[in-house]
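Since this is a predicted model, take the numbers as computed values, not measurements. Just so you know, residue 1 is the first one in the sequence shown, and it goes up from there.
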Amino acid sequence: MRQLNIRVPETVLERMKIRAAERRQTVQDYVTTLIVCDLDAERAAAASFVAGVLERDGAWLDELEAR
């Protein structure tokens with residue numbers, strides 16, 4: 001894994017430290033958890049979108065494949 005160094009305002013860092021401590025995590029682990037949750041949410045949104053398109057356009061796709 002590669003380390004990413006970013007600058008955040010001191011108030012943000014303090015809130016992150018508090019939330020990490022509440023979860024008994026290091027700040028690095030807490031930030032990693034946030035990133036993973038965001039990626040999971042993006043994947044779920046994409047899967048939902050694709051499922052909606054397939055449901056909506058399923059008949060059109062069947063017709064297209066039949067050609």
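When all heavy atoms are compared, the tightest approach of Met16 to Tyr30 is O-CD2, 3.9 Å.
For the atom pair OG1 of Thr33 and CG of Asp40, the computed distance is 10.5 Å after rounding to the nearest 0.5 Å.
Leu39 and Ile6 fall within a single hydrophobic cluster, where Ile, Leu, Val, Met, Phe, Trp and Tyr side chains are chained together by heavy-atom contacts under 4.5 Å. Hydrophobic clustering keeps Val12 apart from Ile18 (ILVMFWY residues linked when any side-chain heavy atoms are closer than 4.5 Å, directly or through intermediates).
A heavy-atom distance below 4.5 Å is not found between the side chains of Gln28 and Val31.
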With salt bridge (charged side-chain N to carboxylate O under 4.0 Å, His left out) as the test, would you mind laying out the steps for Arg19 and Glu22 before giving the verdict? CA-CA 5 Å; Arg19 291 187 177 139; Glu22 289 170 351; 5.5 Å; no
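Here the side chain of Ser48 pairs no donor or acceptor atom with the backbone of Ala44 at under 3.5 angstrom.
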